[in-house]
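Single-structure report; data block below.
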2 protein chains.
Amino acid sequence: MAPAVIERRALRQELTSKRVRMTAQRRLLIDIIQNAKRHLDAAALLKLARKHDPRVNRATVYRTLSLLKRLSLIDELDLMHIEGEKHYYEAKTQSDHLHLACFRCGEIIEYISPTFERLKQEIGAENGFRIAVTRLEVGGTCARCARAAAPTVP
Amino acid sequence: MAPAVIERRALRQELTSKRVRMTAQRRLLIDIIQNAKRHLDAAALLKLARKHDPRVNRATVYRTLSLLKRLSLIDELDLMHIEGEKHYYEAKTQSDHLHLACFRCGEIIEYISPTFERLKQEIGAENGFRIAVTRLEVGGTCARCARAAAPTVP
DNA sequence: ATTAATGCAAAGGATTTGCAATACC
DNA sequence: GGTATTGCAAATCCTTTGCATTAAT
């Protein structure tokens with residue numbers, strides 16, 4: 001099972017400390033991203049933001065996302081394109097986690113693994129590669145769907 | 001260093017054995033993918049295909065790619081969006097390899113890792129997740145660029 | 001006051017689709 | 001001959017851009 005607790009940094013603080021101009025829109029978008037219970041794409045983020053302030057513009061959402069990406073404050077995911085070509089976003093966490101996407105039910109399982117951490121170290125050590133971002137996504141069938149599909153597993 | 005030899009399955013055989021109708025276009029596209037020296041996106045694939053047969057259509061390229069993906073004969077990569085939002089494709093290899101994308105020079109390093117294989121096993125074992133596809137992409141600075149950028153590394 | 005961020009509307013790029021014509025088995 | 005695949009062109013989806021306006025420091 002994946003540990004449920006993944007601590008998130010306070011994005012707002014990070015931004016002001018980096019002297020990034022803090023606008024109402026950014027505050028709003030950041031709060032939404034930080035407190036999101038599921039992975040949001042740009043459209044979903046826009047929709048949520050507009051509930052609080054209908055004037056938030058689509059372009060602002062994209063610009064804010066690219067700002068946060070550039071500053072390495074959020075990670076971008078594809079979730080194996082389980083639902084079209086959109087990108088999903090999440091606040092960066094202290095230790096990377098990987099995503100298991102079930103093609104059958106669409107569930108996304110987050111998973112932290114010491115082996116993954118080791119793999120990253122090896123990549124640096126063996127290649128001299130300085131890692132900035134990693135994205136490990138896995139597609140397949142989750143345990144529940146696998147059981148449902150083949151009830152006669154030994 | 002990444003091992004250079006990565007054996008590729010014969011896509012054409014795989015297809016006919018699966019009773020997929022073999023058209024001239026598919027033969028052409030498959031051959032190109034199989035013998036590609038670099039990672040191709042749909043547009044590049046179309047361009048190469050048209051050198052041999054100018055009538056190959058863009059839609060056919062996309063349809064063939066999605067067929068091959070569906071049959072798990074190719075892998076789809078983003079290469080960390082190092083060059084826009086397109087997707088890249090490569091014939092599936094026996095053991096997965098991961099991609100290191102250098103943000104500075106754009107080089108893509110392919111890398112096979114036993115640790116990665118172990119990680120996949122763990123995911124299956126600990127989650128009961130049946131893995132169909134994996135995609136591990138790493139973005140950062142390659143050794144050469146790192147050296148160039150900071151010549152005074154201890 | 002200066003400079004950066006926003007909204008708007010239009011453009012852009014990648015991918016998909018409906019349908020008639022064509023090629024495979 | 002029957003069915004899957006293709007070409008074509010238009011449509012769709014996601015994202016970006018130029019520019020005048022507005023807001024932050």
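Both backbone and side-chain heavy atoms feed into the values below; hydrogens, waters and symmetry mates do not.
Map A:Asp53 and B:Arg55 each onto its nearest nucleotide of DNA chain C; the residue landing nearer the 5' end is A:Asp53. Where B:Glu83 and B:Val20 meet DNA chain C, the nucleotide closest to each residue was compared, and B:Glu83 sits on the side nearer the 5' end. Between B:Arg26 and A:Lys86, the residue anchored closer to the 5' end of DNA chain D is B:Arg26, taking for each the nucleotide with the nearest heavy atom. Take the nearest nucleotide of DNA chain D for A:Ala24 and for B:Leu67: the residue whose nucleotide is more 5' is B:Leu67.
If you measure from atom CG of A:Asp78 to atom P of C:dT15, you get 12 Å, rounded to the nearest angstrom. In this structure, NE2 of A:His87 is placed 11 Å from P of D:dC14, rounded to the nearest angstrom. One can place CD of A:Gln25 at 8 Å from C1' of C:dA5, the figure rounded to the nearest angstrom. In this entry the distance linking CG of B:Leu15 with P of D:dT5 reads 11 Å, nearest Å. Taking atom CZ on B:Arg27 and atom C1' on D:dA4, their separation rounds to 15 Å, with Å as the unit. A straight line from CG of B:Leu68 to P of C:dT15 spans 15 Å, rounded to a whole angstrom. Computed from coordinates, the A:Ile30 CD1 to C:dA5 C1' distance equals 13 Å when rounded to whole Å. Taking atom CG of residue A:Leu45 and atom P of nucleotide D:dT15, one finds them 11 Å apart after rounding to whole Å.
B:Arg63 comes within 4.0 angstrom of a nucleotide base, judged by non-hydrogen atoms across all strands. At the heavy-atom level, A:Arg58 lies under 4.0 Å from base atoms of the strands shown. B:Ala42 comes within 4.0 angstrom of the backbone, heavy atoms only, and of no base.
Applying the 3.5 Å distance criterion, the base of D:dT3 shares a donor-acceptor pair with the side chain of B:Arg21.
Counting non-hydrogen atoms of neighbouring residues, nucleotides and ligands closer than 6.0 angstrom, the NZ atom of A:Lys51 reaches no more than 12 such neighbours. Counted within 6.0 Å of CZ on B:Arg27, heavy atoms from surrounding residues, nucleotides or ligands total more than 12; the atom is thus considered enclosed. Other residues, nucleotides and ligands place no more than 12 heavy atoms under 6.0 Å from the CZ atom of B:Arg55. The number of heavy atoms from other shown groups lying within 6.0 Å of CZ (A:Arg50) is above 12.
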Trace of the side-chain contact (heavy atoms from CB on, under 4.5 Å) decision for A:Thr134 with A:Lys120 = CA-CA 9 Å; A:Thr134 64; A:Lys120 288 192 295 180; 3.6 Å; yes
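Contact between the side-chain N/O atoms of A:Tyr62 and the OP1/OP2 oxygens of D:dT16 is not found at any separation under 4.0 Å.
Listed nucleotides C:dG7, D:dC14, C:dT16 differ in distance to A:Asn57; the shortest reach to its side chain belongs to C:dG7. Residue B:Thr23 places its side chain closer to C:dC24 than to any other of D:dT25, C:dC24, D:dG7.
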